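Remember, predicted model here, so these are calculated numbers, not experimental data.
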Amino acid sequence: MSYRKDSDSVELGDCTRNPGYKDADGDGPAARDNISVSDSEEKRDSIGVKRLSDARDEYTQIKPYAGMPKEVLVLYSSKARYRVPREILFWLTVCCTLALVAVTIAVIALSPKCLSWWQASPVYQIYPRSFKDSDGDGVGDLKGIKEKLDHFEYLNIKSIWISPFYRSPMKDFGYDVEDFRDIDPLFGTMKDFEELLATMHSKGLRLIMDFIPNHTSDRHRWFNLSRTRDPHYEDYYVWTDCKPDGPKPNNWVSIFGNSSWTYDEVRGQCYLHQFLKEQPDLNFRNPDVIKEMIDIIHFWLEKGVDGFRMDAVKHMLEASHMRDEPQVDPNKPPELVTTEWDLHSDYTTSQVGLHDILREFRAQMDTYSQEPGRYRFMVIESYDYEEVYKTMMYYGTRLEKEGDFPFNFYLLDLPQNTSGVWAKHLVHLWMGNMPKGKWPNWVVGNHDRTRISSSAGQLYVRAINMLLLTLPGTATTYYGEEIGMENINVTASQIQDPAGKYNTSASRDPQRSPLQWNANMNAGFNDKTNLTWLPLHPDYETVNVEAQMKDDGSVLAQYRFLNTLRQSELPLNRGWFCYVHADANVFSYIRELDGLKRAFLIVVNFGKESAATDLSSVRELPDELKVLMSTNKANDGKVFPKSRIQTEVGEGLVIQYSTNTRFNPNHPEECYISEKACYLETIGILYKCQ
C-alpha cells in the first residue's frame, strides 16, 4: 500500500479505483486522466457531461465512502440492498406506533374507573366545638382545625367532614342557621375558613360541609320577613291557622318531643318545626325556597368546598293535607302522644317529591365536577331504621343520580347483641339491599349517638375499627374513635346540649367532649387557658393522640395500619366481599380480587368467649394461615391451621394468604362487589371483566 500526493489531495494508492469519482476540488483520477490544464472551457463542459454519464455506466464500487456526491448517493439508495431494509424499518415503525395506540386505547377502554377521593379514604367527622381551641375561649374553632391538619396526614385520611359552623344563635349548636353565607364568630371568620380550605387543598385534603336544608333559625332574615307577610317571603315556611290558646293544627310531634307547631304572635298563625321551636321548617313546595337553597350550594362550591352532607333530608316535605298521623298504639290517649316514637311518621317524612329536590341538588353539584380531580361529593343523612328500602332510594336510579351514598347507621346497633351472627346480620342489612353497582359505607359513631367504645365496651373497640376498615366501601370515623375515646359523665348543671335541657336523658354532650391530644393541660385541646366547653374524660392522661403515636400496639397505631393497608391493597379497596362464617362469637369474611393471588381473610370475635373457628370446609383457603395483623399484637405473625383459628374475645385477625382459587365463583350468593375488575399479574394492570 502506498500514498500518492498530488496537488492538495491525498489518495490511498491501492484502493479500488472509481473511474467516476471526482472530489470537490476537481481532482481525482477521472479528472487527471481526461483533462489537461490547458483545455478550453468548452472541452471541460463536454467532458463534464460525459463524466456524469460514465458515472452511471461505469460505477461499480460496492461499498459507500465518505464524501460521496449526491448523484452517487442516489445510486446507492435505489439499490435493493439499501431500499428494502429502509422500507421494512419504516413500516415496522408505523405498525409499532399503531399497535401502541391500539393498546393504549384498549387499556383505557378496559380499565375500570379509578376510585374517587371519597371512595379511597375514610371520611373523618370533626365536631368543631371539640376538635381544637386556638384562642383560649374553651371552644374549638377553624384555626384550631388548621393547626391539627398533620393529624390527618399521619392517619392517611383525605376526606374531612366538619359539622356546622354557619352563623347561628346556637340553640342546636349550629343546626339552627341564621345566615347560610357567613361563619359564626365563635368559630372564626370567612377569612379563617378560606385559609383553612386553601391549606387543606395544598395538603391533598378534601372538605365536606354540613348542609341543612330542612329548616333555619327563627332569627334568619327569611323567617322575620315571612312572619310579617312580606309578599316574596310569605310562603317560605309552613304556616297554618290556629289560635294561641286553642288546639294545635294536628298531632304531629317534634323530634325533641311535644307538638311540632308553635303560635307566632306577629303573624297570628302557627308555624311547623320538626325540631326545636327555634328551627322553623322551610316550605319546599315553594319553588323560590328551592332556588334559594341552590344559590347557597353554589356559594360554597364557588368557594371550593368539595362536598356536602345533606342533613335530615327526610323531613324536608310534609303532606299538604296535614291530617293527624296514625298512632303506634291506637289505644293511647292523644294527650299522651308526645314523642316521635308514638306516631307513624307517614305525613312528615319521605314524601313524594323529596327525591326530585335532591336530584336537582345533585345536578347542580355535578356542574362543578367537570374539572378532573374536583368531583363534588354528596352524602345523605336519613335515619330510616327498619325501613331500609327508603334509605336505599337515596342512591337514585340508573338514569338519575342522587347521593353518592346515604349514611349507613346500622352498625350503631352492634352493642345490642355482641355476636358474630348479629354483626353479619347488620352488615347484610346493607349489602343485601344495596342497589347493584352502588358503593357502601359504614358508620359506628357520630355527634348524636353514644360513642361505640362506651356502648360496646373498650374490649371491642379495636375489633370494630378492624371491621370498619376492612369491609367494602367508605368508612366514617367520628373524631376520637381512632384512639378509643369514651363518653364523659355530665351532671345536670354541666349540660350544654339544648336537647339535654329539655330532657336530661337525651343529652348528647357525653359523646362531644374535647379531643384528647396529649397529657398536658386540658388534654392539649386548649393550651392557653383553663377553659373547656365540656369536661374532659379523666383518662386523657393515658388515652391521647401523642401517647398512642409512640405505642405501635395502640388503638391509633392499629387504625393507621389498617387504613394504610386498605388503601394499598386492591382486594381491600375494590375487591370482592364474601361471607365465610358467622356463629355466636365469630364473624369472618374474605376480600379478594379476580386474577390476583393475594387475598385476605378477616376473622373478628364479637362474642363473649374465646373461639376456635373451623374453616376446613372452605377449600379455597390454604391449609395453613398466617396472621398479618391481630388486634392483640402478641399474635402478629402466628400461623393457624384453617381447622382451628383461635381468637380471644374482642380480637380481630387480618390473615393474608396466596391462592390460585377464587372463592367468589363458587359462592356467588355469598359475595358482593360494586364494580367488577380483574387483575392481570403479568403486566400489573386492572381491567374490566365479566
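Classification of Glu234 and Arg229 as a salt-bridged pair holds, one side-chain N sitting under 4.0 Å from a carboxylate O. Using a 4.0 Å cut-off between a side-chain N of Lys or Arg and a carboxylate O of Asp or Glu, Asp311 and Arg309 qualify as a salt bridge. Of the charged side-chain nitrogens involved, none lies within less than 4.0 Å of a carboxylate oxygen, so that Asp184 and Arg167 do not count as a salt-bridged pair. Between Asp218 and Lys171 there is no salt bridge, since no side-chain N of the basic residue sits under 4.0 Å from a carboxylate O of the acidic one. Comment: Asp404 engages Arg362 in a salt bridge, judged by a side-chain N to carboxylate O separation of less than 4.0 angstrom. Between Asp295 and Lys291, at least one side-chain nitrogen of the basic residue sits less than 4.0 Å from a carboxylate oxygen of the acidic one, meeting the salt-bridge criterion. Comment: Arg451 does not engage Glu481 in a salt bridge, judged by the lack of any side-chain N to carboxylate O separation of less than 4.0 angstrom. A salt bridge does not link Asp264 to Lys277: none of the charged side-chain nitrogens sits closer than 4.0 Å to a carboxylate oxygen. With salt bridges taken as basic N to acidic carboxylate O contacts below 4.0 Å, none links Asp135 and Lys528.
Looking at heavy atoms from C-beta onward, Asn286 lies out of side-chain contact with Tyr237 at the 4.5 angstrom threshold. At a threshold of 4.5 Å between non-hydrogen side-chain atoms, the residues Leu515 and Tyr127 do not count as touching. The shortest side-chain heavy-atom distance between Tyr233 and Arg227 does not fall under the 4.5 Å cut-off. At least one side-chain heavy atom of Pro122 sits under 4.5 Å from a side-chain heavy atom of Leu469. You'll find the side chain of Glu381 reaches within 4.5 Å of the side chain of Phe409, heavy atoms only. Asn214 is not listed as a side-chain neighbour of Leu282, based on a closest heavy-atom distance of 4.5 Å or more. Under the 4.5 Å side-chain criterion, counting only non-hydrogen atoms from C-beta, Arg285 is in contact with Ser320. Side chains of Pro213 and Phe284 form a contact here, defined as non-hydrogen atoms less than 4.5 Å apart.
The minimum heavy-atom distance linking Pro326 with Asp346 is given by the pair CG-OD2, 3.6 Å. Across all their heavy atoms, Pro415 and Leu411 have their closest contact at CD-O, 4.5 Å. When all heavy atoms of Ser453 and Gly484 are compared, the closest pair comes out as OG-O, 3.9 Å. In terms of heavy atoms, Val388 sits closest to Leu429 at CG2-O, 3.9 Å. When all heavy atoms of Pro514 and Met485 are compared, the pair lying nearest together is O-CE, 3.5 Å. Annotation for Val443 and Leu468: closest pair N-CD1, 4.4 Å, computed over non-hydrogen atoms.
In the model, Tyr124 has a side-chain atom that pairs as donor or acceptor with a side-chain atom of Glu482 under 3.5 Å. For Tyr236 and Glu292, the side-chain atoms include at least one donor-acceptor pair closer than 3.5 Å. Judged purely by distance below 3.5 Å, without hydrogens or angles, the side chains of Ser369 and Arg374 never pair a donor atom with an acceptor atom. Side-chain contact check for His298 and Gln364: at least one donor-acceptor pair (N or O, by modelled atom type) lies under 3.5 Å. Judged purely by distance below 3.5 Å, without hydrogens or angles, the side chains of Thr262 and His273 pair a donor atom with an acceptor atom. With 3.5 Å as the limit, one finds no donor-acceptor pair spanning the side chains of Gln279 and Gln274. Defined by atom type and a distance below 3.5 Å, a donor-acceptor pair is present between the side-chain atoms of Gln125 and Ser163. When only modelled atom types and interatomic distance are considered, Glu325 and Thr348 share a side-chain donor-acceptor pair under 3.5 Å. No side-chain donor-acceptor contact under 3.5 Å links His232 and Asp230. In this model, a donor atom of one side chain and an acceptor atom of the other lie less than 3.5 Å apart for Thr491 and Gln494. No side-chain donor from either of Asp176 and His220 sits under 3.5 Å from a side-chain acceptor of the other. Side chains of Thr532 and Asn522: no donor on one and acceptor on the other come within 3.5 Å.
Note that the CD1 atom of Ile297 and the CD atom of Glu302 stand 12.5 Å from one another [nearest 0.5 Å]. Considering CD1 of Ile162 and CG of Leu196, their distance stands at 5.0 Å, rounded to 0.5 Å. Distance check: Glu402 CD to Met378 CE gives 6.5 Å after rounding to the nearest 0.5 Å. Atom NZ of Lys303 sits about 10.5 Å away from atom CE of Met209, to the nearest 0.5 Å. Atom CD1 of Ile126 is separated from atom OG1 of Thr477 by 12.0 Å, given to the nearest 0.5 angstrom. Note that CG of Asp324 and NE2 of His321 are 10.5 Å apart. Values are rounded to the nearest 0.5 Å.
Judged as a side-chain contact (heavy atoms from CB on, under 4.5 Å), and not counting sequence neighbours, the contacts of Thr391 are Asp384, Pro406, Tyr410, Trp430. For Asp235, the side-chain hydrogen bond (donor to acceptor under 3.5 Å, both in side chains) criterion is met by no residue, not counting sequence neighbours. Residues forming a ring-ring contact (aromatic ring centres under 6.0 Å, His included) with His151 (at least two apart in sequence, or on another chain): Trp517.
Note that Arg323 lies in the cation-pi zone of Tyr347, set by a 6.0 Å cut-off to the ring centre and a 45° limit from the axis.
Partner of Phe405 under the ring pair (Phe, Tyr, Trp, His ring centres under 6.0 Å) criterion, chosen from Phe377, Tyr395, Tyr394, Trp439: Phe377. Only one option out of Trp252, Phe275, Tyr383 pairs with His315 in a ring pair (Phe, Tyr, Trp, His ring centres under 6.0 Å); it is Phe275.
Ring-centre distance between Trp161 and Phe308: not below the 6.0 Å cut-off. Ring pair Trp533/Phe131: centre-to-centre distance not below 6.0 Å. A centroid separation of less than 6.0 Å is found between the aromatic rings of Tyr166 and Phe180. A centroid separation of 6.0 Å or more is found between the aromatic rings of Tyr263 and Tyr271. Ring centroids of Phe193 and Trp300 are separated by less than 6.0 Å, placing the two rings close together. Residues Tyr175 and His215 keep their aromatic ring centres 6.0 Å or farther apart.
For Glu335, the CD atom counts as densely surrounded, since its 6.0 Å shell holds more than 12 non-hydrogen atoms of other residues, nucleotides or ligands. Crowding of Lys243 atom NZ: a count of heavy atoms from other residues, nucleotides or ligands under 6.0 Å not exceeding 12.
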Derivation and outcome, side chain to side chain donor-acceptor pair (under 3.5 Å), residues Asp306 and His201: CA-CA 10 Å; Asp306 299 289; His201 284 169; 2.8 Å; yes

Thr240 and Trp261: CA distance, side-chain angles, deciding distance, side chain to side chain donor-acceptor pair (under 3.5 Å) verdict: CA-CA 9 Å; Thr240 192; Trp261 298 98; over 6 Å; no

Test side chain to side chain donor-acceptor pair (under 3.5 Å) applied to Trp118 and Ser116, step by step: CA-CA 6 Å; Trp118 53 272; Ser116 189; 3.2 Å; yes

